[in-house]
> 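A single structure is presented below for examination.
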Amino acid sequence: MRKQIAAANWKMNLSYQQAAGLLDELLAQQIELAPNQEVIFAVPFPYLAMAKEKVAGKTNYFVAAQNCSDKKSGAYTGETSVEQLQSIGIGHIVIGHSERREYYNESNAVLATKVDLCLAAGVTPIFCCGEPLPIREAETQNAFVQQQLEESLFHLTVEQVSKVVIAYEPIWAIGTGKTASTQQAQDMQQHLRKVLADKFGADVADGISILYGGSVKAANAVEIFASPDVDGGLVGGASLQAAEFTAIIQALKK
Ligand SMILES: O=C(CO)COP(=O)(O)O
């Protein structure tokens with residue numbers, strides 16, 4: 001079975017002390033993960049080293065950055081490169097979250113470059129995609145999200161794309177409490193897997209983990225994760241609560 005992943009996206013939340021305390025509380029549960037299960041904490045840049053230290057030695061627990069530069073290196077004040085993140089042991093980076101696409105104008109082309117930089121450095125990109133509400137209301141979501149994959153991932157080789165984790169996050173479900181229905185999530189993720197199969201072959205598509213994100217909670221995680229094409233979740237608000245995120249981890253398919 002492909003990897004089942006519970007990924008926490010803390011976004012720009014928590015003080016250092018709160019972040020350290022949350023990790024201590026979560027890790028103290030000593031949740032045993034099955035060989036195909038992973039937990040990833042996507043934490044703000046200043047907390048990466050601390051988080052790495054706390055998950056050290058815990059099998060299948062990882063720390064991710066929430067972004068990276070689309071430049072390899074150089075005079076880009078304030079930016080952080082993939083290679084700098086890799087050099088401190090960061091092996092996963094969230095790429096193209098809808099908040100970065102919206103607030104920082106990250107295009108599919110820029111995101112393709114970021115994916116390339118991740119793969120060149122041996123870092124796993126967690127590639128985010130998803131439609132805004134008007135697209136959903138127009139019922140053109142499949143074409144919209146398919147285009148995001150086509151423009152950012154379809155230049156990859158079979159070997160490269162097999163290393164990508166995808167997170168489908170309908171923008172209208174992010175932070176709203178209005179979770180996509182289980183059917184809506186499954187329909188889209190099944191469509192994305194078919195699109196990937198048509199391009200890269202069924203075996204490769206079947207091996208790619210596709211997460212759902214958008215108001216995942218302890219109360220809905222079991223139902224959402226049970227769908228055949230949902231391989232876990234990328235979780236915002238609920239990941240800031242130890243009890244919530246513990247339940248979400250425990251909802252992963254084995
Ligand atoms: O953006 C998200 C995760 O990346 C989802 O956020 P919420 O879980 O708060 O809806």
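Values in this document were obtained by computation on a predicted structure and should not be read as measured data. Each ligand, and each atom within it, is numbered from 1 in the order the structure gives.
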> With a cut-off of 4.0 Å, which atoms of ligand 1 are near a heavy atom of L234?
3 (C), 4 (O)
> Do the non-hydrogen side-chain atoms of L211 and I166 ever get within less than 4.5 Å of each other?
no
> Kindly confirm or rule out an N or O of H97 lying under 3.5 angstrom from an N or O of ligand 1.
yes
> Can you pull out the closest protein heavy atom to atom 9 (O) of ligand 1? Residue, atom name and distance to 0.1 Å, please.
G237 N, 2.8 Å
> Just jot down the ligand 1 atoms closer than 4.0 angstrom to any heavy atom of G175, in number order.
7 (P), 9 (O), 10 (O)
> If only side-chain N and O atoms count, and only distance matters, is there a donor-acceptor pair under 3.5 Å linking E131 with Y168?
yes
> Would you say ligand 1 has an N or O under 3.5 Å from any N or O of K217?
no
> Cluster partners of V110, using ILVMFWY side-chain heavy atoms under 4.5 angstrom, listed by chain and number?
none
> Of the protein's non-hydrogen atoms, which lies at the shortest distance from atom 2 (C) of ligand 1, and what is that distance?
E169 OE2, 3.0 Å
> Does G236, backbone or side chain, put an N or O under 3.5 Å from an N or O of ligand 1?
yes
> Can you classify the ring geometry of Y61 versus F41 as parallel (below 30°), tilted (30 to 60°) or perpendicular (above 60°)?
parallel
> So if I count the atoms of ligand 1 from 1 in the order they appear, which ones are less than 4.0 Å from some heavy atom of A173?
10 (O)
> In terms of ring plane angle, is the pair Y16 and Y47 parallel, tilted or perpendicular, where the classes change at 30° and 60°?
perpendicular
> Will you find, in the side chains of K114 and N67, an N or O donor that is under 3.5 Å from an N or O acceptor?
yes
> Look only at interatomic distance and state if S215 has a nitrogen or oxygen under 3.5 Å from any nitrogen or oxygen of ligand 1.
yes
> Heavy-atom contacts with G214 under 4.0 Å: which atoms of ligand 1 show up? List them by number with element.
5 (C), 10 (O)
> Can you hop from F245 to I224 via hydrophobic side chains spaced under 4.5 Å?
yes
